[in-house]
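Shown next, in structure tokens, is the structure this report addresses.
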Amino acid sequence: MSPPEHFAVEYAINPWMDTTAPVDTELAVKQWEGLRETLTRLGHTVHVLRPEIGLPDMVYAANGAFSVDGVVYGARFRYPQRMAEAAAHKRFYAELGWKYTTPVETNEGEGDFTYLPSYLGGVVLAGHGFRTEVAAHSEAQEALGRPVISLRLVDPRFYHLDVALAPLDDSNITYYPGAFSESTQAVLRQLFPDAVIADEEDALAFGLNLVSDGRNVVLNTEATALAAKLRSAGYVPVPVELTELKKGGGSVKCCVAELRP
Ligand code: ARG
């Protein structure tokens, strides 16, 4: 995670960003601290990446890379405003001593890649359509040695996979079907008959931009309807307030790059 000390909405690269809306950076940091404390309280270790001046979106740490079994597939950002973030993440993994592949193809890390360790022995789900190029999916498969399933996003409001779909545990997911093409919806129905189905309201509340440890599901406070669905499915919703970071087009999951040693 990387604190939003330099967070601002200075450019608009997704439909949520309005450069004329005021941003309260202090409140953003306070809310981010709340997320970090929640994860720590749930027993997770949080490493902090030093925020850099001139990189206002660096708080969305999920986009900096994607790792599986201690192997890292690096990011290559779509927009020039964020490109320099990849190097900070690369340095972090170098310090951990993890094998790092520098990508040729445009991809935004965990924004568009996620992993289900117990599904068919370990499967990567990958989004394309707005940020990550579909060619990055096969590049990731070669870098990580895991099967990658390509999912096509079609609604610009849900421009990354992690605002449209999330793993709830090692083999099941929750998703909003309307964010995906008809054919991808058929693929998801086939692969995940027991998925928790979210609706447009859940997705617009950034409810799907969640982090789950298989039991506790940390999600945005505004996603009350999705929280209720998750509770009936046997999970424990843990709400966290992140209103300021929504102004950049992200929530809980965007702030967290999960490390899979
Ligand atoms: N303003 C950032 C962008 O448009 C938000 C990134 C959100 N991150 C995410 N993992 N969905 O790139």
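As the structure lists them, so they are numbered: ligands from 1, and atoms in each ligand from 1.
- A salt bridge links Glu52 to Arg91: one of the charged nitrogens lies within less than 4.0 Å of a carboxylate oxygen.
- Residues passing the side-chain hydrogen bond (donor to acceptor under 3.5 Å, both in side chains) test with Arg36, sequence neighbours excluded: Glu33.
- Here Met83 is tied into one hydrophobic group with Phe77, each link being a pair of ILVMFWY side chains closer than 4.5 Å.
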Pairs under 3.5 angstrom, nitrogen or oxygen on both sides, ligand 1 versus protein: list them out, please.
from	atom 1	to	atom 2	distance (Å)
ligand 1	1 (N)	Asp57	OD1	3.1
ligand 1	1 (N)	Asp57	OD2	2.9
ligand 1	1 (N)	Gly248	O	2.8
ligand 1	4 (O)	Asn14	ND2	2.8
ligand 1	4 (O)	Arg131	NH2	2.8
ligand 1	8 (N)	Asn63	OD1	3.0
ligand 1	10 (N)	Asn63	ND2	3.1
ligand 1	10 (N)	Asp162	OD1	3.4
ligand 1	10 (N)	Asp162	OD2	2.6
ligand 1	11 (N)	His160	ND1	2.8
ligand 1	11 (N)	Asp162	OD1	2.8
ligand 1	12 (O)	Arg82	NH1	2.7
ligand 1	12 (O)	Arg131	NH1	2.9

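- Under the 6.0 Å cut-off for aromatic ring centres, Phe66 and Phe113 qualify, their centroids lying closer than that.
- In this structure Glu85 satisfies the salt bridge (Lys or Arg N to Asp or Glu O under 4.0 Å) test together with Arg82, sequence neighbours excluded.
- A distance below 6.0 Å separates the ring centres of Phe206 and Trp16.
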